[in-house]
There are 2 protein chains.
Amino acid sequence: MPFCLYFDSNMVDRAKKKIDNIEHKGFIPNVSYDSVIFGFNGKQLKILILEYYNTGLFALPGGFVKRNESLDAAAERGVRERTGLDQIYLEQFYTFGSLTRSDPQAMERILEGNGMDRQAHQWMLDRFLSVSYYALINYDEVTPKPDELSDNINWYPIDELPPLMMDHNQIVNKALEVLRDNFEKKLIGMNLLPSKFTMKQLQMVYETILGKKLRRTSFQRRILGMDILERQEKLYQGKAHKAPYLYSFKS
Amino acid sequence: MPFCLYFDSNMVDRAKKKIDNIEHKGFIPNVSYDSVIFGFNGKQLKILILEYYNTGLFALPGGFVKRNESLDAAAERGVRERTGLDQIYLEQFYTFGSLTRSDPQAMERILEGNGMDRQAHQWMLDRFLSVSYYALINYDEVTPKPDELSDNINWYPIDELPPLMMDHNQIVNKALEVLRDNFEKKLIGMNLLPSKFTMKQLQMVYETILGKKLRRTSFQRRILGMDILERQEKLYQGKAHKAPYLYSFKS
DNA sequence: CTTTATTGTAATAATTTGAGACAATAGTAT
DNA sequence: ATACTATTGTCTCAAATTATTACAATAAAG
């Protein structure tokens, strides 16, 4: 079959645009984002994991960056679509770009499992760099929604994750590392709790994320000393002991 | 001029490869890296800045990621090419992806200034995400080398930077922020010094990066208490006072 | 009205950090 | 030779911070 071996730059432009339309659907090629969405159910730290149709493959929620969309906006859009929440605490933490991270075979299985045309989505089989974000959300406010390619989306405790596709387990580990590093420095614990919470709940969050027991009195004194909490009404839990105060974060 | 409006996927593949060769020269499109290369001359913290031929434009050293090269390897290659050094302390710190960061006009000036064909390098005028790294190197061991597009490469004190193109000033600011956050936590000060150094030199590094004076005695006690230094021979500087010990980092 | 588990805060002990003090030098000046 | 000067390494004691214990104040149950 004859094919033009030389074409002028005008033709190149047009061909490129054409191929972009066919192949990338207006997305930036070779770049994706993945998000590690953390929630806290009162006892355990959990993250949202997708399961793709008919494949048994588990993955982090993620997606692609539109040509006319900022990177942050793409990640925000993704988390909003999965959780239904606006105004999410979201932080970029690393960009993964090893040569071995992409897995075209797994991607093919996902396309097949969804009955999608392999050729029309060939660009998805290419190498991708993943810009990774973590989000902290209020577990109780969320009804997770699967994406177009997936069956299922569920909370998994971070120490009971299934094997994830590609390097997603590694991404989760890095997210945890960075979260722990940033947790005290940036005072972001509130994002995992409802707007009003007890000191005990806050302490549980800290203990779970830092992975160690904290002394109740020191914790209370330290947090109150930071002058970031506002004391609200008492919470009567119907338990036979002193009722705790509720607190909310200032500003 | 007639142009094929529909082509089968095989043709798409071949066309894409062809266009990649013409346009991206084997690089991943829409992704670049930039590096903030820090050095310490004994008094000031400096970074390496490029000046492009005939444009008056200043920029961070950077480049593109080859299709068969990991992201980290690309950044390492870049820093190695600019500094001549192997085994560099290099850390990825953020990926910049706003819609406004790319500046095709500036890019055109650079291509023109270098007498390069605008059409053949049109891909460079597209939108780019920049994965940014910072490097800490031993100032005295380096003879910086300009890249293919630039005239000049020079050390600039971080508080006397010229206006840089695109969002590069913002990238430097973020690098400084992250460097300061990581500095004590990761004990990376040694990378800015020769392998043997005095306590005073190390203190100067800490003071410069943290931006505050430290108490000599407390600093010495704290650092020695960390048990990360090995004491070496004394350094006779020909000065009329007690000679300091040299230290090196353990392991 | 006593008991129980938990909460809020104060008091005290332990540890870390700050700020001087001081002896030991390596060269210079006398 | 001897005294002088600036700097270094280390020690001591004070100040501040953090850990641990103690204890009174509940809210509901028995």
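Computed from a predicted structure; not experimentally measured. For the numbers below, each heavy atom of this structure counts, side chains included, while hydrogens, waters and symmetry mates do not. Numbers restart at 1 for each chain; the letters A, B, ... are given by sequence-line order, proteins then strands.
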Q: Which nucleotide in the set D:dT10, C:dG20, C:dA26 lies at the smallest distance from any side-chain heavy atom of B:Leu224?
A: D:dT10
Q: By the 4.0 Å heavy-atom rule, please label B:Arg222 as base, sugar-phosphate, or nothing.
A: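 If one applies the 4.0 Å heavy-atom cut-off, B:Arg222 turns out to touch nothing in the nucleic acid.
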Q: Just the rounded figure in Å: distance from C1' of D:dT7 to CG of B:Leu246.
A: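 Rounded to whole Å, this separation is 15 Å.
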Q: What's the closest nucleotide to the A:Ala240 side chain, out of D:dA19, C:dA26, D:dA28?
A: D:dA28
Q: Might you confirm whether atom NZ of B:Lys200 has over 12 heavy atoms from other residues, nucleotides or ligands at distances under 6.0 Å?
A: no
Q: Output the rounded distance in Å from CZ (B:Arg216) to C1' (D:dT7).
A: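 Interatomic distance, CZ of B:Arg216 to C1' of D:dT7: 7 Å.
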Q: Can you tell me how far P of D:dT17 sits from CZ of A:Phe219, to the nearest Å?
A: 20 Å
Q: Measure NZ/B:Lys239 against P/D:dT7 and give the value in whole Å, please.
A: 8 Å
Q: Should A:Lys145 and A:Glu81 count as an ion pair when the cut-off is N to O under 4.0 Å?
A: no
Q: Could you tell me whether A:Lys212 and A:Glu207 make a salt bridge, using a distance below 4.0 angstrom between a side-chain N and a carboxylate O?
A: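 A:Glu207 and A:Lys212: not salt-bridged.
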Q: Counting side-chain heavy atoms from C-beta on, which of D:dT21, C:dT6, D:dA27 comes nearest to A:Lys242?
A: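 Given the options D:dT21, C:dT6, D:dA27, the side chain of A:Lys242 is closest to C:dT6.
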Q: A:Arg231 side chain: which of C:dT25, D:dG9, C:dG8 is closest?
A: C:dG8
Q: Please tell me which of the listed nucleotides, D:dA27, C:dT25, C:dG8, lies nearest to the side chain of A:Pro244?
A: C:dG8
Q: Tell me which nucleotide among D:dA27, C:dG8, D:dT8 gets nearest to the side chain of A:Met199.
A: C:dG8
Q: When you measure from the side chain of B:Tyr236, which nucleotide among C:dG8, C:dG27, D:dT20 comes out closest?
A: C:dG27
Q: Over how many whole Å does the gap from B:Lys234 atom NZ to D:dT7 atom C1' extend?
A: 11 Å
Q: Starting the side chain at C-beta, find the nucleotide from D:dA19, C:dT9, D:dT10 nearest to A:Ser218.
A: D:dA19
Q: Might you confirm whether atom NZ of B:Lys185 has over 12 heavy atoms from other residues, nucleotides or ligands at distances under 6.0 Å?
A: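 Correct, the count exceeds 12.
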Q: Rounding to a whole Å, what distance do you find between B:Leu235:CG and C:dT25:C1'?
A: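 So the two atoms are 14 Å apart, to the nearest Å.
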Q: Using the ring of each side chain (for Trp, its six-membered ring), is B:Tyr156 parallel, tilted or perpendicular to B:Phe58, with breaks at 30° and 60°?
A: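 Rings of B:Tyr156 and B:Phe58: perpendicular, as their planes differ by over 60°.
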Q: Side chain of B:Arg221, heavy atoms from C-beta onward: which of C:dT9, C:dA19, D:dT10 has the nearest atom to it?
A: C:dA19
Q: Would you mind reading off the distance between B:Leu214 atom CG and C:dA19 atom P, rounded to a whole angstrom?
A: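 About 12 Å, once rounded to whole Å.
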Q: B:Phe197 CZ to D:dT8 P: how many Å, rounded?
A: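 Interatomic distance, CZ of B:Phe197 to P of D:dT8: 15 Å.
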Q: Select one nucleotide: of C:dA21, C:dA26, D:dT21, the one nearest the side-chain heavy atoms of B:Thr217.
A: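 Per side-chain heavy atoms of B:Thr217, the pick is C:dA21.
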Q: Just to confirm, is there a sub-4.0 Å distance from OP1 or OP2 of D:dA15 to any side-chain nitrogen or oxygen of B:Arg215?
A: no
